[in-house]
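Values below: all heavy atoms of this structure, side chains included; hydrogens, waters and symmetry mates excluded. Residue numbers begin at 1 in each chain, while the letters A, B, ... track the order of the sequences.
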Amino acid sequence: MTKDDVADALNEIGTLLELKGENAFRTNAYHNAARLLQSLPGDLNQMVAEGKLEEVRGIGDALAEKITTLVTTGKLPYLEELRASVPEGLVQMLRLPGLGPKKVKALHTNLQIDTIEKLKAACEAGEVAKQKGFGAKTQQKILDGLAFIDKVGHRVRIDLALPLGLALLEQVRAFPGVIRSELCGSLRRRKETTGDIDILVSSASPQPIMDAFVKITEVVQVIAQGPTKSSVLAAMHVRGEKATLQADLRVVTDDQFPFALHYFTGSKEHNIRMRQRAIDRGLTLNEYALANETRSVPCKDEADIFAALGLPYIEPELREDTGEIEAGEQKTLPALVKDSDIRGVFHNHTTASDGTASLEQMALATKALGLEYFGVGDHSQSLTIARGLPPGAVRKQWAEIDRVNAKLSGVRIIKGSEVDILEDGSLDYDDELLAGFDYVVASVHSLFAMPEAEMTARVCKALAHPAVTMLGHATGRLLLKREGYKINLEEVLKAAAKHGKMIEINAQPSRLDLDWRYVKRAKAMGIPIVINPDAHSPGELGLYTFGVQVARRGWLTKDDVFNTRSLPDVMKELNRRKQKTPA
DNA sequence: GCCGTTTTCGGCCCGACTGTTTTCAGTCG
């Protein structure tokens with residue numbers, strides 16, 4: 001058993017104990033131990049063998065014994081007994097916003113609800129609202145949550161899906177007889193979430209490839225296995241989280257490969273347009289060929305297919321039928337921004353607020369990524385939960401930045417802050433303090449339930465403030481978990497354009513906010529975009545690449561993205577903006 | 001569950017918000 005498997009088991013115990021109404025300190029000890037294990041360096045088997053587990057702060061006798069049993073036998077009777085005593089449906093109910101262990105337990109005890117289906121029926125019958133501690137609003141919130149899950153289905157965030165897809169692809173590529181192979185589908189188009197992994201292979205002998213595919217270590221279940229297509233369920237741990245997805249493998253001949261690659265990359269809407277173009281030229285386009293009864297157009301790659309239909313190559317990220325065909329015809333397709341264009345990052349956190357690494361550690365990690373500048377953006381004073389900085393701490397940090405900047409070479413720390421937008425749209429620091437920052441990210445972190453008009457006015461007012469440089473995570477959404485707050489983004493973009501403000505693409509894979517559709521809109525309005533990792537640890541700095549993917553889906557070129565500029569350029573522009581700020 | 005210069009029991013876990021209440025339990029970050 002790996003560290004991650006053991007951590008999964010411990011987390012499961014913690015959750016099941018919560019549902020049984022156990023003491024929160026006890027359940028937390030399990031979750032805590034799971035987290036400890038995942039960040040533990042070295043080999044777990046070896047630690048167990050050497051009896052070193054108890055030395056870890058947070059793991060005592062009881063946890064050490066359970067971990068030892070899991071590692072040595074691969075199972076744990078205690079966990080199995082727990083599972084048998086708690087219906088599986090209760091664990092699923094926990095995923096609904098507004099439902100925690102206490103409420104789930106109450107629903108189970110009082111209404112015998114132990115499945116999502118029974119929960120839905122009870123809400124629709126109005127039974128839940130009658131329960132003590134529940135009410136009409138809670139009941140509606142559950143129904144909204146159920147509808148949301150229904151809509152989202154079993155999709156997985158790209159930061160989890162892509163590593164799993166690439167791990168499978170890498171192994172498939174090593175199979176004997178594989179000529180070409182690629183990821184297709186929404187993963188290749190770098191959509192923010194993925195429903196399944198599509199892998200395409202060209203080969204003259206499909207059968208051995210099918211046989212080998214279902215035996216890959218990440219495969220947990222074989223759903224179907226035919227001569228040229230197989231479907232499996234694959235799972236992998238990525239940075240402590242488990243990704244499980246259906247993965248389909250298709251094998252075609254190498255002549256068919258470009259057509260199949262285009263077809264399975266989609267999107268469906270893009271494909272429809274392309275097939276129509278083929279028909280207009282007296283041809284049919286499908287996953288095997290571009291042809292009619294009398295002739296077949298040979299294509300060695302996708303570019304040949306586009307060329308045969310009178311178009312330049314269209315990048316997968318653009319294939320959504322949102323104007324890419326027309327732009328191709330007019331030769332106005334953008335040269336999309338690339339990872340290597342990024343020269344620095346803004347909006348990051350250090351131990352001064354809720355980050356895990358010091359200013360200097362973060363700056364060094366930025367340099368190690370080959371970047372030139374690290375914009376610090378710790379939280380402002382109102383966000384006490386994230387240890388937001390009071391003014392005194394801000395001034396202390398500025399002195400620290402000057403000290404570290406004097407010491408380091410090859411990377412520069414830029415003074416910034418992620419300042420809360422307060423309820424009335426004012427900022428969380430006074431103007432004098434704000435004027436001392438090189439840049440300010442303004443973000444909403446409170447009162448998410450505000451009516452749309454109020455929230456829009458609140459954010460637009462903040463954007464009018466001279467000290468604000470850019471807007472942080474524009475909607476506050478958490479992908480597959482929580483919809484963003486209600487806000488009129490069109491109005492927000494107008495305000496940003498009017499006041500000359502930038503908007504960030506928050507590159508945290510759970511956010512990817514501003515959404516790519518609005519990124520495209522922002523570009524059309526001339527609003528500069530900044531790709532920010534919102535890193536809370538050195539390891540998160542590299543997440544900016546997920547923001548680059550959003551930028552590409554939003555048609556952005558290098559020139560559209562502020563942090564593709566060099567350090568001198570960036571400082572010049574930030575200073576120019578500050579000159580406009582009345583002190 | 002873990003932990004101990006407060007050491008074998010009692011504290012650990014903070015604060016805002018929501019929806020339910022009429023003073024607060026539960027959820028969430």
Using atom P in both nucleotides, what's the gap between B/dA16 and B/dG10 to the nearest angstrom?
30 Å
Scan A/Asp61 against the nucleic acid and name what it touches under 4.0 Å (heavy atoms): base, sugar-phosphate only, or nothing.
sugar-phosphate
Considering only atom P, compute the distance from B/dC12 to B/dG19 and round it to an integer number of Å.
30 Å
Using a heavy-atom cut-off of under 4.0 Å over every strand shown, decide if A/Leu17 touches base, sugar-phosphate, or nothing.
nothing
Strictly below 4.0 Å: does A/Arg57 bring a side-chain N or O up to OP1 or OP2 of B/dG4?
yes
Rounded distance (Å) that lies between atom C1' of B/dA16 and atom CG of A/Leu383:
10 Å
Given atom NZ of A/Lys105 and atom P of B/dG26, what is their separation to the nearest angstrom?
11 Å
Roughly how far apart, to the nearest Å, are B/dG26 and B/dT20 at atom P?
14 Å
In A/Val550, A/Leu489, A/Leu471, A/Ile527, the residue satisfying side-chain contact (heavy atoms from CB on, under 4.5 Å) with A/Leu514 is A/Leu489
Once rounded to the nearest 0.5 Å, what's the spacing between atom CZ of A/Arg403 and atom CD1 of A/Ile401?
11.5 Å
Output for pair (A/Asn28 CG, A/Glu18 CD), nearest 0.5 Å, gives 8.0 Å
Which atom of A/Thr356 lies closest to which atom of A/Thr351, heavy atoms considered:
C-CG2, 3.6 Å
Reckon A/Val104 touches a base, only the sugar-phosphate, or nothing at all at heavy-atom distances under 4.0 Å?
nothing
Taking the basic N atoms (NZ, or NE/NH1/NH2) and the acidic carboxylate oxygens, is any pair closer than 4.0 Å for A/Lys130 and A/Glu127?
yes
Tell me: CG of A/Leu19 to C1' of B/dT27, nearest whole Å?
14 Å
Taking side-chain contact (heavy atoms from CB on, under 4.5 Å) as the criterion, tell me which of A/Leu63, A/Thr68, A/Asp61 meets it with A/Leu53.
A/Thr68
If I take atom CG in residue A/Leu63 and atom C1' in nucleotide B/dC3, what distance separates them, rounded to the nearest angstrom?
13 Å
Reference residue A/Leu512; test side-chain contact (heavy atoms from CB on, under 4.5 Å); the match among A/Gln549, A/Lys191, A/Arg477:
A/Arg477
If I pick the P atom on B/dC17 and the same atom on B/dT22, what distance separates them, to the nearest angstrom?
23 Å
By a strict heavy-atom criterion of less than 4.0 Å, which residues belonging to residues 64-91 of chain A are in contact with DNA chain B?
A/Lys66, A/Tyr78
In whole angstroms, the gap separating P of B/dG1 from NZ of A/Lys20 amounts to 13 Å
Please give, in whole Å, the distance from B/dT20 C1' to A/Ile142 CD1?
14 Å
On DNA chain B, does the nearest nucleotide to A/Gly60 precede the nearest nucleotide to A/Leu94 from the 5' side, or the other way round? Give the residue.
A/Gly60
Relative to A/Phe134, does A/Lys103 satisfy both conditions: NZ or CZ under 6.0 angstrom from the six-membered ring centre, and within 45 degrees of the ring's axis?
yes
Quick check for you: to the nearest 0.5 Å, what is the distance between A/Arg26 atom CZ and A/Leu17 atom CG?
5.0 Å
Quick one: which protein N/O atoms are closer than 3.5 Å to N/O atoms of nucleotides 17-19 of chain B? Pair and distance per line, please.
{"unit_1": "B/dG19", "atom_1": "O3'", "unit_2": "A/Thr138", "atom_2": "OG1", "d": "3.3"}

Distance between C1' atoms of B/dT18 and B/dT23 (Å, rounded)
15 Å
To the nearest angstrom, how far is A/Glu18 atom CD from B/dG1 atom C1'?
13 Å
Return yes if a side-chain donor-acceptor contact under 3.5 Å exists between A/His347 and A/Glu504, otherwise no.
yes
Could you tell me which nucleotide pairs with B/dC12 by Watson-Crick or G-U wobble geometry, both distances under 3.5 Å, or answer none if nothing does?
B/dG1
Whole angstrom value for the distance that separates P of B/dC28 from NZ of A/Lys103
9 Å
Can you tell me how far P in B/dC9 sits from the matching atom in B/dC14, rounded to whole Å?
24 Å
